[in-house]
Amino acid sequence: MPATLFEKYGGFGSVSRIVMTFYDKVLDSEEIGDFFDDVDMTRLIDHQTKFISYLLGGPVSYSEERLRRTHAPLDLTNEDFDEIARLLHETLVEHKFDPGDIKSVMREIEARRSAILSTGAA
């Protein structure tokens, strides 16, 4: 039996496919797609693959400080965060994650809301 969701769902290869599906949705989103117009998507997909792997218990670590530094210049809103979370949830369903595992991943994402939405002003 796999020890982590990362192992259960196939490691980096599987997470990479999940992230590709996720960003197809993100780029098509009328609410947040514009955030990515001038972004190096290859680099971002690599970063996001590592981040999602981390959330699934994989061999990567991210500090809240790193999340704050990375996202502070973006001036993201709760609505932006909610759209990202919705698209991730939809992606995990499409990739046949068990409902309980989806809830676990979404709890991990939600636990990082304040770091991701931080503007550095606090």
Side-chain angles (χ1 to χ4, degrees):
M1 177 172 246
T4 65
L5 294 180
F6 178 77
E7 293 168 354
K8 179 178 180 179
Y9 290 103
F12 282 113
S14 179
V15 173
S16 179
R17 288 187 295 278
I18 290 165
V19 170
M20 295 295 286
T21 301
F22 171 68
Y23 274 107
D24 284 344
K25 294 174 181 301
V26 167
L27 294 173
D28 286 342
S29 170
E30 290 185 23
E31 289 84 8
I32 58 172
D34 292 347
F35 279 115
F36 302 91
D37 285 347
D38 297 319
V39 171
D40 177 348
M41 290 305 294
T42 301
R43 184 172 178 242
L44 181 60
I45 288 169
D46 179 62
H47 159 77
Q48 194 70 11
T49 298
K50 292 173 185 170
F51 180 68
I52 297 297
S53 295
Y54 161 69
L55 293 179
L56 297 176
V60 185
S61 68
Y62 276 84
S63 69
E64 289 212 7
E65 181 55 34
R66 181 175 181 185
L67 290 173
R68 279 187 189 86
R69 277 193 324 268
T70 301
H71 293 94
L74 302 177
D75 196 28
L76 300 172
T77 66
N78 279 300
E79 291 78 13
D80 299 329
F81 186 95
D82 292 343
E83 176 70 355
I84 287 285
R86 183 185 72 75
L87 295 172
L88 179 59
H89 184 278
E90 189 177 289
T91 301
L92 296 175
V93 169
E94 286 180 21
H95 282 266
K96 302 192 182 335
F97 271 53
D98 293 334
D101 295 340
I102 292 172
K103 285 181 183 178
S104 294
V105 173
M106 299 314 295
R107 272 193 306 269
E108 292 295 322
I109 292 291
E110 186 61 40
R112 287 153 182 87
R113 180 184 290 260
S114 65
I116 291 169
L117 297 184
S118 172
T119 61

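Side-chain atoms are counted along with the backbone in the values below, which use heavy atoms only and exclude waters and symmetry mates. What you see is a predicted model; the values in this text were computed from it and never measured.
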Inset, instruction - Determine, for R113 against D82, whether the closest basic-nitrogen to carboxylate-oxygen distance falls under 4.0 angstrom. - result: yes
Inset, instruction - Tell me, please, which residues at least two apart from K50 pass side-chain hydrogen bond (donor to acceptor under 3.5 Å, both in side chains). - result: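 If we apply the side-chain hydrogen bond (donor to acceptor under 3.5 Å, both in side chains) test to K50, skipping adjacent residues, the hits are D46.
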Legend entry - Heavy-atom side-chain proximity of D101 to Y9 below 4.5 angstrom: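 Yes, their side chains come closer than 4.5 Å.
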Legend entry - Of H71, R66, E64, the residue whose pairing with R68 passes side chain to side chain contact (heavy atoms under 4.5 Å, CB included): E64
Inset, instruction - Any chance you could measure L5, atom CG, to E108, atom CD, to the nearest 0.5 Å? - result: 9.0 Å
Inset, instruction - Inspect the surroundings of CE in M41 and state if more than 12 heavy atoms from other residues, nucleotides or ligands are less than 6.0 Å away. - result: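 Counting neighbours around CE of M41, more than 12 heavy atoms of other residues, nucleotides or ligands fall under 6.0 Å, so yes.
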Inset, instruction - Please check if atom CD in E65 has more than 12 non-hydrogen atoms from other residues, nucleotides or ligands closer than 6.0 Å. - result: yes
Legend entry - Pairwise side chain to side chain donor-acceptor pair (under 3.5 Å) hits with a residue in residues 31-40, at least two apart: S29-E31
Inset, instruction - Scan E90, E83, E30 and name whichever one has a salt bridge (Lys or Arg N to Asp or Glu O under 4.0 Å) with K25. - result: E90
Inset, instruction - Could you tell me whether the side chain of S16 and the main chain of F12 form a donor-acceptor pair under 3.5 Å? - result: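 No.
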Inset, instruction - Say whether T77 and D80, considering side chains only, have a donor N or O and an acceptor N or O under 3.5 Å apart. - result: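 A pair is found: one side chain offers a donor N or O, the other an acceptor, under 3.5 Å apart.
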Legend entry - Qualifying ring-ring contact (aromatic ring centres under 6.0 Å, His included) pairs with a residue from residues 45-70, counting only residues at least two apart or across chains: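 Found H47-Y62, F51-Y62, Y54-Y62.
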